[in-house]
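Okay, structure first, notes after.
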Amino acid sequence: VSDRDLAAATDSLVQAALRAGLSPGFGVSVVRNGRVIWQQAYGYADASAKIRASNNTRWYVASTSKSFTGFAMALLDDVEQLPAIRPAGRQALIYSNVGYNIAGMILDRRSAAGWRRVLDSAVFAPAGMRHTRATLSSVPRRQLALPHTVSTATGIAWRTVSFDKRDATMHAAGGHVATLDDLSRWVRVQLDTGVLDGRVIFPTSAIRRAHTLIAAHTEQRGKRYAYFDREGWGAGWDLGSYEGAPMVSRFGGYATMRSHLSFLPSRRIGVVAMANGGLGSALTDLVAAFVYDLDAGRPDARSRATQRLDSLRAL
């Protein structure tokens with residue numbers, strides 16, 4: 001499928017999902033062969049205030065922050081050989097924030113301003129991620145995608161609810177807001193092993209280290225998430241596959257909001273999908289799977305996505 005057709009099909013699917021009331025707001029970016037072929041924000045960042053989502057909207061990424069912190073540690077390991085993030089054979093994977101908050105403490109020792117400044121200077125600035133922040137106080141409220149719940153009593157389909165995160169609770173395991181553009185840059189530079197817009201931004205060795213298995217899933221329930229198979233955990237990334245194609249991903253969820261970042265290295269395609277309420281969490285995975293099905297040339301890609309969308313509508 002051509003870039004144009006893939007973009008048009010993705011747009012059509014998301015618009016249908018929002019017309020069906022699956023999420024108040026949604027953002028999607030599709031990366032293919034080193035560039036963004038489709039990027040769009042839909043619906044509301046704040047439905048109660050009637051603030052539309054846009055490409056300037058900052059979405060809370062939740063546990064996707066782990067990919068930032070894990071990569072900072074991979075960069076550090078590139079020069080200091082930190083044994084804590086080196087592959088550990090077939091040890092069991094225990095998902096937790098603890099390891100990444102400990103990593104934040106290690107990064108705190110690298111700068112008087114702490115782990116935030118290290119990520120700003122070592123990760124975000126080189127990647128051109130100019131709108132990624134670990135402090136909410138630095139972002140105007142009108143630019144934030146806020147969580148929502150359904151409200152029928154007031155006649156409003158979506159009601160904005162309080163976002164309880166504060167600067168003090170934005171941590172290294174889950175503590176950033178970012179624009180679609182910044183997140184697509186993050187996918188692009190990871191997908192192309194450190195290269196962005198034809199320039200080497202990060203060492204290939206650090207990218208590969210971040211995507212190297214540290215701990216494998218040993219429990220069956222951890223080996224499958226939505227439509228995706230998962231082998232285990234790298235430095236901030238989930239490692240697995242989709243329909244047999246190797247896949248690197250990182251998802252995050254908090255207070256009705258969801259982030260989905262994933263890419264298929266062998267096919268040089270990736271997806272950013274963000275949602276802020278309702279069934280948007282499931283929709284992020286559905287959209288990514290649809291993009292990958294189209295890219296693979298699956299003849300049933302559209303019917304498959306329609307069936308999955310119908311299943312969500314029925315919930």
Reported OG1-to-CG distance for the pair T256 and L279, which is rounded to 0.5 angstrom: 11.0 Å

Residue pair D238 / M247, side-chain heavy-atom distance below 4.5 Å: no

Test item: S29 side-chain N/O and V272 main-chain N/O as donor-acceptor pair under 3.5 Å: no

Side-chain touch L22/L309, heavy atoms, less than 4.5 angstrom: yes

Check: T284 and M274 side chains under 4.5 Å, non-hydrogen atoms: no

side-chain contact (heavy atoms from CB on, under 4.5 Å) between Q190 and H211, worked out: CA-CA 9 Å; Q190 295 288 322; H211 301 170; 2.8 Å; yes

Lys NZ or Arg CZ of K165 over Y60 ring: under 6.0 Å, within 45°: no

Ion pair D182/R185, N-O distance below 4.0 Å: no

Check ion pair D300-R298 (N to O, under 4.0 angstrom): yes

Sole residue of W237, Y100, W186 in side chain to side chain donor-acceptor pair (under 3.5 Å) with S67: W186

Among L13, D293, L294, the one residue meeting side-chain contact (heavy atoms from CB on, under 4.5 Å) with R302: L294

Stepwise side-chain contact (heavy atoms from CB on, under 4.5 Å) test for T169 and D164: CA-CA 9 Å; T169 58; D164 293 331; over 6 Å; no

Mutual orientation of the aromatic rings belonging to Y42 and F26 [parallel < 30°, tilted 30-60°, perpendicular > 60°]: tilted

Heavy-atom side-chain proximity of R250 to S63 below 4.5 angstrom: yes

Minimum heavy-atom distance L196-A127, with the two atoms named: CD2-O, 3.4 Å

Non-hydrogen side-chain atoms of L76 and I106 separated by less than 4.5 Å: yes

Heavy-atom closest contact (R268 atom, G34 atom, distance): NH2-N, 3.4 Å

Where R209 and A74 come nearest, the two heavy atoms and their spacing: NH1-O, 3.7 Å

Main-chain N/O of V118 paired to S111 side chain as donor or acceptor, under 3.5 Å: no

Separation between CZ of F202 and CG of L75, rounded to the nearest 0.5 Å: 6.0 Å

Within the 6.0 Å centroid threshold, strictly below: F251 and Y225: yes

Shortest non-hydrogen contact between L180 and Q40, atoms and distance: CD1-O, 3.6 Å

Pairwise distance CH2(W158) to OG(S48) - rounded to 0.5 angstrom: 11.5 Å

Value rounded to 0.5 Å, distance of CD1 in I51 from OG1 in T160: 8.0 Å

T132-H176 side chain donor-acceptor pair, cut-off 3.5 Å: no

Closest non-hydrogen atom pair between A72 and L107, with its separation: CB-CD1, 3.9 Å

Check ion pair R130-D181 (N to O, under 4.0 angstrom): no

W38 with V31, same ILVMFWY side-chain cluster at under 4.5 Å: no

Transitive ILVMFWY side-chain link L183 to V30, under 4.5 Å: no

Side chain proximity check, T179 to R58, heavy atoms < 4.5 angstrom: yes

R230, CZ atom: more than 12 neighbouring heavy atoms under 6.0 Å: yes

Result of checking W59, Y44, F163 against N276 for side-chain contact (heavy atoms from CB on, under 4.5 Å): W59

Path from V271 to L6 over hydrophobic side-chain contacts below 4.5 Å: yes

Side chain to side chain, F71 and L119, heavy atoms closer than 4.5 Å: no

Donor + acceptor pair across side chains of S262, Y242 (<3.5 Å): no

D108 CG to R116 CZ distance, which is reported to the nearest 0.5 Å: 8.5 Å

Whether S65 side chain and G175 backbone form a donor-acceptor pair below 3.5 Å: yes

Within one Ile-Leu-Val-Met-Phe-Trp-Tyr cluster: M129 and V177, side-chain cutoff 4.5 Å: no

Ion pair check, D46 and R142, cut-off under 4.0 Å: no

Side chain to side chain, L239 and V248, heavy atoms closer than 4.5 Å: yes

Interatomic spacing from CH2 in W233 to NE2 in H217 - rounded to 0.5 Å: 8.5 Å

Exercise: identify the closest heavy-atom pair between L264 and L191: O-CD1, 3.8 Å

Same apolar cluster: Y254 and L136, side chain cutoff 4.5 Å: yes

Worked verdict on E243 versus R304 for salt bridge (Lys or Arg N to Asp or Glu O under 4.0 Å): CA-CA 13 Å; E243 302 289 338; R304 196 183 204 193; 2.8 Å; yes

Exam field: side chain T57 to backbone S54, donor-acceptor pair closer than 3.5 Å: yes

Any donor-acceptor pair under 3.5 Å from D285 side chain to A226 backbone: no

